[in-house]
S.K.: 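One structure, pasted below without further comment.
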Amino acid sequence: MNFKRGHLLLFGALFISYLLSPLPAAAQQSRFDEGNRLLEESLYEEAITLYKAIEEDGYRSGALWLNMGIAYTQLDSLGMAKFYLLKAADQRETEQLARQALEYVNERFPRRSAVLPALPWDRFFQYLSAQFGITAIVVATLVLFNLAAALLIAAWFRIDLRKPFRIASLSLFGLSALLFLFSLIIYSQQNRYSAAILTDRQSEVYAEPAETATQITTAFEGFSLRIDFKRSETADGWYYIRLENGMFGWIRDEGVRIL
Amino acid sequence: MRETGNSFSHFLVIFFTACTLGMPLSLNAQEISLEATVSESRIFLGEQFTLSVEVSGRSVRNVSLPQLPEIPGVRVLSQNPSRSTSISIVNARTSTTTSYRYSLIAAQPGSFTIPPVRIDIDGEIRETEPIRIEILQRSQAGTETRPQLPDVYLQVELDVTNPVPGQQVIASVILYFRQGVEITSFQMESGWRTDGFWREELQNGGQPTVESVIVEGIRYRKAELMRYALFPTRSGELTLAGFPLNVGIRTQPSRNDPFGSFFGAGANQRRLSVESEPITLNVRPLPEPPDAIALNAVGEMRVERRLSSNEVVTGETVELITTIRGTGNLPLVRRPAYTIPDGLELYSPQDASHLDREGRSLSGTRTFTELIAARAPGLYTLPAERVAVFNPQTRRFNTIELPALQFRALPAAQQGLAVAGNSGTAVRLQPVTGLAAWSTSTATRPFFRTFWFWLFLILPIAALATAIYRRNLLSRLGSDYTFARAHFADETAKKRLKAAHEWMEKNQPKEIYNLLHKTVTGYVTDRLGLPEAGLSDSELLKQLGSRNIPEPLHRQISSLLDKCATISYAPVGSATDFRTDIKKTETIIEQLREVLS
């Protein structure tokens with residue numbers, strides 16, 4: 001009898017925990033709704049506080065970032081607005097709205113950087129990374145590699161089909177090697193470099209990680225930066241960056257938001 | 001007691017009589033004008049000039065000859081003037097002008113005054129104003145050492161010689177030409193270089209007027225052809241290049257040329273290129289400006305600003321209009337950079353100018369219209385500002401106070417969030433409401449740290465290695481018979497032992513031991529690469545002995561081979577014996593496998 005009762009209690013506890021498990025998600029949705037209400041009432045700072053709390057709890061959502069971007073736009077904090085809108089533009093469900101808002105925000109920056117077009121191979125790898133993602137490329141590499149190995153083995157044991165199998169196998173090996181190389185380059189780029197946005201009104205860019213060093217240029221709010229993490233490791237509190245106009249230099253890490 | 005009533009009636013009678021009698025007189029006085037002029041006010045000694053007395057009016061009926069007074073320093077050539085009368089009808093009103101021209105000769109150097117000329121007009125004696133003249137000796141008028149001036153030359157005359165940056169400098173292009181030269185046309189030849197200046201051409205309006213002047217002892221006539229407003233754009237020494245002009249002239253033939261009028265029918269026409277002398281100006285720097293918004297305005301100007309509306313919907317724009325009026329460097333005036341409070345957007349201003357080039361200087365209005373949009377509803381105040389305008393007359397900055405302006409932004413309709421677009425139109429930023437797609441932020445492991453990556457990478461490599469081994473084995477088996485025998489030795493031995501088991505079921509001892517013999521000898525010869533046939537048991541054992549196989553095994557093999565050889569002559573054993581020997585053979589094969597591998 002006691003045994004049965006113990007089982008019942010255990011099942012009950014499990015059931016209650018099951019029921020309670022979606023509650024955190026519902027809680028952050030309700031906070032999001034409350035933030036949206038504040039946004040509609042033009043209480044932008046209050047809305048941002050709520051949105052930030054959701055973000056700090058580890059939740060990610062294109063809608064959340066889009067609304068944060070809009071709230072920051074209304075507060076004229078255009079650097080932060082651009083940062084969140086770029087994050088929202090990376091999400092399929094909010095891409096279109098975020099791009100529309102980004103277009104507007106970009107027009108409002110009083111100072112805009114000259115943009116040096118990216119090198120063709122940089123553009124190529126960015127396209128691969130954005131369009132397919134490194135995981136898809138690695139999966140494709142492995143599939144092709146396995147297929148190539150299978151065809152090569154088949155070529156050894158099927159004398160009658162040796163030539164076509166061999167050609168197909170070598171082609172697939174070459175292709176998989178190329179894809180693997182691409183995935184290594186993309187992985188290396190993703191780990192070494194990262195896009196970032198300057199959210200401070202302006203920040204000086206120096207030749208060395210010191211404020212006494214030669215000043216190369218000034219970066220302004222909303223400027224897109226590319227951080228080199230490997231070089232940045234050598235100086236605390238500084239990032240080694242590349243500006244969109246092709247200039248390199250060191251910038252204080254305050255006010256730089258990494259995407 | 002005095003009769004005031006009578007006195008007053010007398011006054012009225014006298015007043016009305018005077019008014020009635022005086023009115024036509026005053027009317028007549030207004031309608032008749034009398035003027036005396038001389039053809040030149042500065043005359044050389046011995047030079048002839050003209051004194052004109054002109055009477056004009058609508059109701060001039062009877063005009064006497066002017067009574068010429070005694071004129072000091074001047075001799076009158078003839079007391080009888082030439083007379084001319086002209087009648088003009090304008091708007092059905094007739095007016096008559098009668099001119100009397102006296103020819104005079106300058107007889108004595110010095111400054112003199114032509115006394116008033118008296119004339120009787122319709123019975124009333126009138127007088128002209130006195131006229132001052134100056135009679136010069138030729139040696140006195142100019143320096144003889146200087147080179148003689150050309151018949152036609154051009155000069156640019158400036159009203160200011162040491163301006164400040166932005167100050168308006170009027171440059172008059174003046175053509176000088178001698179008596180006897182007529183200007184038929186003029187045209188600027190090429191661009192006039194005015195580096196360091198902003199230039200605006202002023203409109204003269206009509207034909208240039210000609211004046212008579214004496215320059216370095218020579219009588220010239222001068223005409224202002226063009227006029228420019230120049231604004232220095234920096235301080236320091238600035239040079240205005242020579243003004244190039246192409247002039248069409250007609251000259252009268254010389255009196256000494258007896259054939260001039262005979263062949264030339266009176267005049268020579270030609271075109272002439274003239275250029276003024278370059279002018280260097282020393283532009284003084286502006287003084288330190290006061291603490292106010294600098295407009296770069298120099299001149300006499302007024303500055304005002306206003307808002308187009310005091311209420312606006314959030315996201316829509318209100319115009320902040322700044323108007324700058326007056327005389328000065330209006331084209332160079334900068335947009336006032338006002339302090340715009342947080343929460344307001346400022347968009348590209350519109351700039352409109354209305355410049356008046358008709359007068360002696362450049363004047364007009366400059367209007368800057370800034371578009372301001374409020375991002376959120378509320379009351380906004382544009383703070384009061386001070387702007388500075390430099391007055392070149394007083395050589396000081398005038399500070400103009402612009403009062404604070406206020407407007408209210410009303411809430412917009414709640415459909416999306418309206419913000420002002422670049423062109424001043426509202427753009428809607430559409431937030432996402434309702435259910436959102438959520439995910440939790442998890443750090444993704446790099447692909448090379450995943451199990452599946454290594455699995456699918458190693459799997460084909462292992463398969464390839466196996467295939468290579470298999471391929472090589474098959475290849476050797478096909479080409480190396482000895483290797484093939486050694487490779488298949490175990491398999492052959494197993495087959496033979498299996499067959500021995502089958503014969504054991506059939507109770508055929510000879511067949512069993514024959515197979516056991518073959519199993520052992522076959523296995524040894526296959527593994528050692530010895531000939532399959534023709535090798536005796538003793539030779540086989542000898543070969544095994546040379547391979548250093550363990551002695552017990554050697555003895556077991558020898559014993560088994562002996563039993564196999566003698567079984568034909570031995571009594572038939574039981575099934576247990578057969579099984580034991582088969583088992584023993586299997587053991588021998590296993591041991592040999594280990595020893596010979």
Side-chain angles (χ1 to χ4, degrees), chain A residues 25 28-29 32-33 36-37 39-42 44 47 54-55 57-64 66-67 69-71 73-76 88 91-94 97 100-101 103-105 107-108 110 134-135 137-139 141-143 145-150 152-154 156-157 183-184 187 190-191, chain B residues 314-315 342-347 375-378 409 411-412 414-423 426-442 444-448 450 452-468 470-472 474-475:
Chain A
Q28 49 86 9
Q29 178 64 46
F32 179 66
D33 293 339
N36 293 345
R37 188 187 62 75
L39 185 67
E40 292 280 337
E41 288 174 7
S42 305
Y44 306 119
I54 299 170
E55 193 187 29
D57 286 348
Y59 290 102
R60 298 151 53 92
S61 166
L64 175 72
L66 176 76
N67 291 6
I70 291 171
T73 306
Q74 300 292 344
L75 288 177
D76 202 29
Q91 305 295 312
R92 195 174 297 258
E93 72 271 17
T94 48
L97 287 172
Q100 190 182 327
E103 195 179 330
Y104 165 71
V105 168
E107 274 180 11
R108 287 181 48 201
I134 193 166
T135 307
I137 297 170
V138 171
V139 167
T141 303
L142 292 174
V143 168
F145 184 60
N146 280 266
L147 199 59
L152 188 62
I153 293 167
W156 287 338
F157 298 101
S183 57
L184 283 179
Y187 176 76
Q190 283 180 350
N191 277 273
Chain B
T314 306
D342 286 344
L344 293 180
E345 309 254 1
L346 188 67
Y347 296 102
R375 289 187 217 109
Q414 292 295 313
Q415 188 186 5
L417 295 162
V419 289
N422 205 20
S423 56
V427 169
R428 299 212 171 274
L429 298 178
Q430 190 65 53
V432 173
T433 53
L435 279 176
W438 298 99
S439 63
T440 48
S441 50
T442 50
T444 51
R445 278 194 301 173
F447 65 86
F448 56 82
T450 54
W452 57 266
F453 172 75
W454 290 108
L455 175 71
F456 286 101
L457 189 69
I458 290 169
L459 199 67
I461 294 170
L464 277 172
T466 311
I468 288 167
R470 187 74 184 157
R471 188 186 63 164
N472 291 343
L474 288 176
S475 169

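None of these values were measured; they are calculated from a predicted model. Sequence lines set the chain letters: A, B, ... in the order given, protein chains first and strands last, and positions in each chain run from 1. We use all heavy atoms of the structure for the numbers below, so side chains are in, but hydrogens, waters and symmetry mates are not.
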S.K.: I need the minimum non-hydrogen distance between A:Leu184 and B:Phe447, along with the two atoms involved.
M.R.: CD2-CZ, 4.2 Å
S.K.: Looking at residues at least two apart in the chain, or sitting in another chain, which of them share a salt bridge (Lys or Arg N to Asp or Glu O under 4.0 Å) with A:Arg37?
M.R.: A:Glu34, A:Glu41
S.K.: Quick one: pull up CZ in B:Phe453 and OG in A:Ser183 and give me the separation to the nearest 0.5 Å.
M.R.: 7.0 Å
S.K.: Under a 3.5 Å distance rule, please check whether A:Asn67 uses its side chain to pair with a backbone N or O of B:Val432 as donor and acceptor.
M.R.: yes
S.K.: Could you state the interatomic distance from CZ (B:Arg470) to CH2 (A:Trp156), rounded to the nearest 0.5 Å?
M.R.: 14.0 Å
S.K.: Flag yes if more than 12 heavy atoms outside A:Gln190 fall under 6.0 Å of its CD atom; otherwise flag no.
M.R.: yes
S.K.: Calculate, to the nearest 0.5 Å, the distance between atoms CD1 and CD1 belonging to A:Ile153 and B:Ile468 respectively.
M.R.: 8.5 Å
S.K.: Check whether any side-chain N or O of A:Ser61 sits under 3.5 Å from a backbone N or O of B:Ala437 as a donor-acceptor pair, and report yes or no.
M.R.: yes
S.K.: Mind listing the closest non-hydrogen atom pair of A:Asn36 and B:Thr433 along with its distance?
M.R.: ND2-CA, 3.6 Å
S.K.: How about B:Phe448 and A:Val138: do any of their side-chain heavy atoms sit closer than 4.5 Å?
M.R.: no
S.K.: Does CH2 belonging to B:Trp454 count more than 12 external heavy atoms closer than 6.0 Å?
M.R.: no
S.K.: Under a 4.5 Å heavy-atom cut-off, does chain B meet the side chain of A:Leu147, its backbone, both or neither?
M.R.: neither
S.K.: Keeping the roles fixed (side chain from A:Gln29, backbone from B:Gly434), state whether a donor-acceptor pair exists under 3.5 Å.
M.R.: yes
S.K.: So what's closer than 4.5 Å to chain B heavy atoms on A:Thr141: side chain, backbone, both or neither?
M.R.: neither
S.K.: Enter the distance from B:Leu455:CG to A:Asn146:CG here, rounded to the nearest 0.5 Å.
M.R.: 8.5 Å
S.K.: What distance do A:Leu66 atom CG and B:Gln430 atom CD have between them, rounded to the nearest 0.5 Å?
M.R.: 9.0 Å
S.K.: When the aromatic ring centroids of B:Phe456 and A:Phe145 are compared, is their separation below 6.0 Å?
M.R.: no
S.K.: Any chance you could measure A:Leu64, atom CG, to B:Trp438, atom CH2, to the nearest 0.5 Å?
M.R.: 4.5 Å
S.K.: So do A:Phe32 and B:Leu435 actually touch side chain to side chain, heavy atoms under 4.5 Å?
M.R.: no
